[in-house]
There are 6 protein chains.
Amino acid sequence: LFSVDERMNMLRQVTAHLPNVRVDSFQGLLVDFCRERNIVAVVKGLRAVSDFDYELQMAQMNSTLAGVETVFVPTAPAWSFLASSLVKEVAALGGDVEHLLPSAVHGQLMKRLAERTKP
Amino acid sequence: LFSVDERMNMLRQVTAHLPNVRVDSFQGLLVDFCRERNIVAVVKGLRAVSDFDYELQMAQMNSTLAGVETVFVPTAPAWSFLASSLVKEVAALGGDVEHLLPSAVHGQLMKRLAERTKP
Amino acid sequence: LFSVDERMNMLRQVTAHLPNVRVDSFQGLLVDFCRERNIVAVVKGLRAVSDFDYELQMAQMNSTLAGVETVFVPTAPAWSFLASSLVKEVAALGGDVEHLLPSAVHGQLMKRLAERTKP
Amino acid sequence: LFSVDERMNMLRQVTAHLPNVRVDSFQGLLVDFCRERNIVAVVKGLRAVSDFDYELQMAQMNSTLAGVETVFVPTAPAWSFLASSLVKEVAALGGDVEHLLPSAVHGQLMKRLAERTKP
Amino acid sequence: LFSVDERMNMLRQVTAHLPNVRVDSFQGLLVDFCRERNIVAVVKGLRAVSDFDYELQMAQMNSTLAGVETVFVPTAPAWSFLASSLVKEVAALGGDVEHLLPSAVHGQLMKRLAERTKP
Amino acid sequence: LFSVDERMNMLRQVTAHLPNVRVDSFQGLLVDFCRERNIVAVVKGLRAVSDFDYELQMAQMNSTLAGVETVFVPTAPAWSFLASSLVKEVAALGGDVEHLLPSAVHGQLMKRLAERTKP
């Protein structure tokens with residue numbers, strides 16, 4: 001729905017008040033991105049048990065490939081059911097997702113979906 | 001394999017002896033379908049733990065979007081391994097699924113698969 | 001920490017505004033309690049995946065023993081981490097659980113814990 | 001509820017028609033029992049996902065300690081909800097578990113529970 | 001990435017030192033393959049809990065269809081994070097997977113990926 | 001098996017080469033310990049999926065009680081089956097756990113178990 005540049009811009013908007021956040025992108029392997037920048041650990045959010053099994057597999061692969069460790073931070077329980085794919089699907093079918101998104105992101109999502117359904 | 005109308009007809013056949021069952025279909029969001037008909041709760045079957053994680057996510061989204069609650073009913077254990085996708089796959093490869101389906105559904109599945117493999 | 005009678009009283013207090021709730025207790029098997037009262041289904045809350053495995057086992061046993069079905073209702077996600085044993089443990093160690101309990105229950109829990117630690 | 005000897009006798013009764021089954025018992029570590037008898041693999045039943053996590057841990061420990069491998073055989077789905085602890089609990093509360101046990105075992109369970117509740 | 005014949009050849013290479021291994025392939029249902037050869041049991045590796053749920057479903061279907069039992073052998077824990085799809089993905093992005101594969105397989109994977117990216 | 005002081009001494013021995021590790025103990029709630037020392041996050045190891053469900057519950061409770069976040073670090077896969085309770089149980093039954101423990105800890109475990117079984 002959004003290009004990498006569009007996503008990075010949205011992330012920059014919603015993290016603008018956090019001085020120690022930098023938004024970046026990469027192609028190829030995450031561990032190569034980490035090695036080039038001397039990044040020793042990756043932080044990931046965890047929502048549900050089903051996330052955990054896959055993320056653990058990725059974490060152990062990245063540790064084996066390049067010594068990059070992964071630390072997991074659990075989602076606040078009130079938002080544990082939110083997945084971006086589900087939010088996009090609900091919005092595309094006309095559901096009201098305004099309370100589930102930062103308002104800047106919500107505006108752009110509405111605009112993009114309106115463009116898509118135009119003749 | 002079957003259109004929405006074909007599926008609804010099969011459901012009507014196998015529930016014909018249950019006077020309080022009505023078969024319906026919808027487009028768009030389940031919660032919109034519920035709101036239009038003043039439906040306050042959705043009943044879903046649960047087979048395995050892996051179903052639960054995804055269904056819980058959907059249930060919490062629907063509760064948040066429109067106050068529609070979901071109640072889960074566990075499958076009889078003897079049928080807990082049955083998924084419609086698996087049954088269709090086995091039948092397409094020539095496996096005998098007669099004991100796994102209502103006979104009206106089995107007949108239509110065999111007929112459809114025979115049509116598909118015709119030259 | 002609380003007797004059956006004390007728990008029933010607390011449940012009556014916090015459900016007093018719900019006219020269709022009746023609080024009762026039983027000894028022996030849940031399915032016998034259901035049979036004597038012509039109860040055909042039991043409703044249980046589900047918090048996490050780990051609850052589900054055990055509850056599914058109980059549900060299938062009760063269905064086999066007496067045809068009593070169990071329907072599961074998921075917890076609101078914001079409270080999915082709350083277990084009564086955890087709340088009691090935190091309170092016993094001096095943690096503030098006021099925001100996690102109905103206020104009538106909180107008062108009685110504080111009183112009981114104070115009695116217990118008296119010389 | 002039953003001593004090791006009583007359990008072994010019940011197992012011998014219910015496997016009497018299987019000529020290649022031998023019932024034995026041991027004290028100490030399973031891997032030592034295996035080593036003394038040149039047993040290279042242990043077969044265990046698996047009922048639910050929650051069994052699997054613990055059994056996998058034991059299997060990997062036994063493989064590390066003594067090269068003893070564990071192979072898992074899944075329960076027939078119709079019995080996946082049966083745990084001996086649950087059956088004993090239901091029977092002790094007066095539930096009818098006759099259809100859940102071999103008849104020889106059922107008889108001895110009923111007799112033992114009757115002895116226990118005698119004055 | 002590899003045809004069935006290429007995969008069978010790689011399997012033959014890495015199992016050449018095991019005299020009781022035979023590599024074969026089939027089309028259609030696994031249970032039909034078993035029936036034609038009087039195979040009574042299938043052995044499958046299990047890595048993670050998320051594997052188990054799906055494999056249990058398949059095992060119970062195969063048992064129901066043709067009495068073919070499935071026995072599961074857990075992966076050595078040091079390799080529990082390895083999935084062939086993940087290894088291929090990492091290799092395609094330039095990651096070093098030499099320590100994760102038998103050397104004969106690694107050579108052919110590198111060769112195939114090099115052919116694919118040629119102009 | 002070991003007192004809090006004995007455990008702290010063993011932890012100090014096995015972390016002696018890590019200058020930024022300090023071993024401490026507390027009574028009462030973890031979140032109170034954190035508050036008194038301005039600790040904003042707790043790091044915990046995660047082995048298996050079954051750990052995760054319980055740890056997530058604790059993490060969300062601690063976040064709610066005092067804003068203390070929990071970050072999870074996965075175990076190296078080769079040690080994912082190791083739990084201290086299992087190691088102690090195996091050792092008590094005479095199993096060789098030398099390769100599963102730091103040698104200083106192993107020595108003290110052997111000594112303690114020998115004392116316990118003395119007449």
Side-chain angles (χ1 to χ4, degrees), chain C residues 1-2 10 14 44-60 70 72-119, chain F residues 2-5 7-8 11 23-75 77 79-86 89:
Chain C
L1 205 57
F2 292 105
M10 284 191 273
V14 300
K44 303 202 76 167
L46 266 190
R47 286 171 306 134
V49 166
S50 53
D51 282 2
F52 175 65
D53 234 35
Y54 174 74
E55 292 293 349
L56 185 59
Q57 195 182 38
M58 292 298 296
Q60 293 175 336
T70 305
F72 296 109
V73 182
T75 307
W79 308 114
S80 62
F81 65 93
L82 280 185
S84 64
S85 57
L86 187 56
V87 171
K88 280 185 279 191
E89 195 186 320
V90 167
L93 292 167
D96 179 4
V97 295
E98 190 164 7
H99 61 302
L100 303 175
L101 293 171
S103 74
V105 175
H106 183 250
Q108 288 168 72
L109 178 60
M110 290 300 99
K111 204 169 149 240
R112 177 60 41 92
L113 290 171
E115 289 163 11
R116 292 210 141 191
T117 54
K118 259 188 211 153
Chain F
F2 293 105
S3 69
V4 171
D5 277 343
R7 287 163 173 192
M8 288 175 67
L11 285 168
V23 179
D24 211 337
S25 74
F26 67 96
Q27 287 196 308
L29 286 177
L30 175 60
V31 291
D32 290 335
F33 178 83
C34 292
R35 245 186 312 226
E36 288 158 20
R37 283 158 184 76
N38 294 317
I39 294 168
V40 297
V42 175
V43 178
K44 304 203 74 168
L46 266 191
R47 286 172 307 135
V49 166
S50 53
D51 283 1
F52 176 65
D53 235 35
Y54 175 75
E55 292 293 349
L56 186 58
Q57 194 182 38
M58 293 297 297
Q60 292 175 337
M61 178 58 99
N62 288 335
S63 170
T64 300
L65 284 176
V68 173
E69 295 299 326
T70 305
V71 297
F72 295 109
V73 182
T75 306
W79 308 115
S80 63
F81 65 93
L82 281 185
S84 65
S85 57
L86 187 57
E89 195 186 321

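Proteins come first, then strands; the chains are lettered A, B, ... in the order of their sequence lines, and each starts at number 1. Keep in mind that the numbers below use all heavy atoms, side chains included, and drop hydrogens, waters and symmetry copies.
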Side chain, backbone, both or neither of C:Ala92 within contact of chain F (heavy atoms, under 4.5 Å): neither
Nearest heavy-atom neighbours spanning C:Ala91 and C:Leu109: CB-CD2, 3.9 Å
Closest non-hydrogen atom pair between F:Glu55 and F:Phe72, with its separation: CB-CE2, 3.6 Å
C:Arg112 versus C:Phe2, closest heavy-atom pair with distance: NH1-CD2, 3.6 Å
Stepwise side-chain contact (heavy atoms from CB on, under 4.5 Å) test for C:Lys88 and C:Val97: CA-CA 9 Å; C:Lys88 280 185 279 191; C:Val97 295; over 6 Å; no
Residues of residues 29-46 of chain F within contact distance of chain C, non-hydrogen under 4.5 Å: F:Leu29, F:Asp32
Among the listed options C:Val87, C:Asp96, C:Val90, the residue most often paired with chain F at heavy-atom distances under 4.5 Å: C:Val90
Test item: F:Ser63 side-chain N/O and F:Ala59 main-chain N/O as donor-acceptor pair under 3.5 Å: no
Taking every non-hydrogen atom, the tightest pair across F:Ser25 and F:Val4: CB-CG1, 3.9 Å
Distance-minimising heavy-atom pair for C:Met10 and C:Val105: SD-CG1, 4.0 Å
